[in-house]
Amino acid sequence: MVVGHHLLFGVHDDERMMLKQTLDAMVEGHLERTLVTYRAARPDSDAWRWVEASVALVHDDDGAPTEIISAVRDISKRKALEIELAAARERAEGGGEGEVAIPRQYEPRDPHPDERRAGLCRPAARRRPRARSAPPG
């Protein structure tokens with residue numbers, strides 16, 4: 001849907017400046033290739049899609065930049081999962097109302113640091129398997 005169009009075609013206003021600066025850096029010779037993520041409008045609907053573009057500068061035989069090429073793919077599903085994960089982390093860290101805060105470094109399957117300090121459990125490194133009795137024989 002974007003073949004033959006300028007890379008800024010249909011780019012969301014919030015990401016347009018970032019993408020323009022990236023393209024300018026390429027034209028000025030500061031950047032040869034990069035990967036950029038931005039929202040783009042679907043030409044056949046009013047929906048915005050998250051896309052990832054692999055962008056590269058093409059040179060002529062003398063080494064002068066001649067064009068910028070890109071391969072664009074839709075990553076809307078991945079971006080939705082990333083946003084959902086970030087929201088879940090926010091809630092887990094106490095950002096949501098009425099939610100229980102769980103410190104990031106705490107794994108639920110491990111003893112809580114307060115239990116360790118109170119001597120209610122042994123550190124994992126000191127645990128040893130129980131000796132088994134020899135089978136009758």
Side-chain angles (χ1 to χ4, degrees):
M1 289 186 224
V2 295
V3 172
H5 292 281
H6 190 276
L7 193 57
L8 292 175
F9 170 74
V11 174
H12 193 279
D13 289 340
D14 291 350
E15 287 91 30
R16 182 176 289 276
M17 183 56 70
M18 174 274 305
L19 189 54
K20 183 175 181 335
Q21 289 171 343
T22 300
L23 296 175
D24 290 345
M26 294 183 91
V27 169
E28 294 166 5
H30 302 295
L31 191 60
E32 284 291 315
R33 64 178 45 244
T34 191
L35 191 65
V36 291
T37 302
Y38 57 92
R39 285 171 289 176
R42 285 190 53 97
D44 58 345
S45 75
D46 293 334
W48 290 100
R49 306 298 290 173
W50 280 101
V51 297
E52 182 176 76
S54 176
V55 187
L57 190 59
V58 177
H59 301 274
D60 64 14
D61 293 337
D62 298 325
T66 58
E67 64 182 326
I68 296 174
I69 60 169
S70 66
V72 182
R73 66 184 177 136
D74 187 330
I75 61 162
S76 297
K77 289 180 183 176
R78 182 182 86 190
K79 195 68 171 175
L81 291 172
E82 288 173 359
I83 291 168
E84 186 179 320
L85 178 60
R89 281 187 180 142
E90 176 81 16
R91 286 191 307 273
E93 292 172 357
E97 278 188 42
E99 299 289 332
V100 176
I102 300 173
R104 180 175 286 212
Q105 71 276 6
Y106 172 65
E107 288 288 328
R109 65 182 171 266
D110 293 339
H112 192 277
D114 290 339
E115 292 173 343
R116 283 199 184 106
R117 281 192 289 277
L120 299 175
C121 65
R122 293 184 298 173
R126 291 186 179 173
R127 292 185 185 153
R128 298 178 191 258
R130 293 182 183 209
R132 295 184 180 175
S133 57

Point-to-point distance, once rounded to the nearest 0.5 Å, from [atom1] of [X] to [atom2] of [Y]:
X     : Y     : atom1 : atom2 : value
His30 : Gln21 : NE2   : CD    : 12.0 Å
Leu8  : Met17 : CG    : CE    : 10.0 Å
Arg49 : Asp74 : CZ    : CG    : 4.0 Å

Common cluster, [X]/[Y], ILVMFWY with side-chain heavy-atom separation under 4.5 Å:
X     : Y     : value
Val72 : Leu19 : yes
Ile68 : Val11 : yes
Leu31 : Leu35 : no
Val36 : Ile69 : no

### Query
Closest heavy-atom contact between Ala56 and Arg33?
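Heavy atoms only, the tightest pair is CB-NH2, 3.8 Å.
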
### Minimum heavy-atom distance between Thr37 and Met18, given as atom pair plus value
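What the structure gives for the nearest pair is O-CE, 3.6 Å.
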
### Message
With salt bridge (Lys or Arg N to Asp or Glu O under 4.0 Å) as the test, pick out the partner of Glu52 among Arg78, Lys79, Lys77.
### Response
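Testing Glu52 for a salt bridge (Lys or Arg N to Asp or Glu O under 4.0 Å) against Arg78, Lys79, Lys77 leaves exactly one candidate, Arg78.
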
### Query
What do the steps show when you test Val55 against Leu23 for side-chain contact (heavy atoms from CB on, under 4.5 Å), and what is the final call?
CA-CA 9 Å; Val55 187; Leu23 296 175; 4.3 Å; yes

### Task
Could you tell me whether Arg16 atom CZ has more than 12 heavy atoms of other residues or ligands within 6.0 Å of it?
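Correct, the count exceeds 12.
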
### Task
Check whether more than 12 heavy atoms from other residues, nucleotides or ligands sit under 6.0 Å from atom CD of Glu67, and answer yes or no.
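Atom CD in Glu67 is packed in, count exceeds 12.
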
### Pair listing, salt bridge (Lys or Arg N to Asp or Glu O under 4.0 Å) test, anchored in residues 55-66, at least two apart
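The answer is none; no pair qualifies.
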
### Message
Looking at Val58, is its backbone amide N or carbonyl O close enough to the side chain of Thr66 to form a donor-acceptor pair, meaning the two atoms are under 3.5 Å apart?
### Response
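The answer is yes, because a donor-acceptor pair under 3.5 Å joins these two groups.
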
### Message
Here's a test for you: under side-chain contact (heavy atoms from CB on, under 4.5 Å), which of Tyr38, Trp48, Trp50 qualifies with His12?
### Response
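Only one of Tyr38, Trp48, Trp50 forms a side-chain contact (heavy atoms from CB on, under 4.5 Å) with His12, namely Trp48.
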
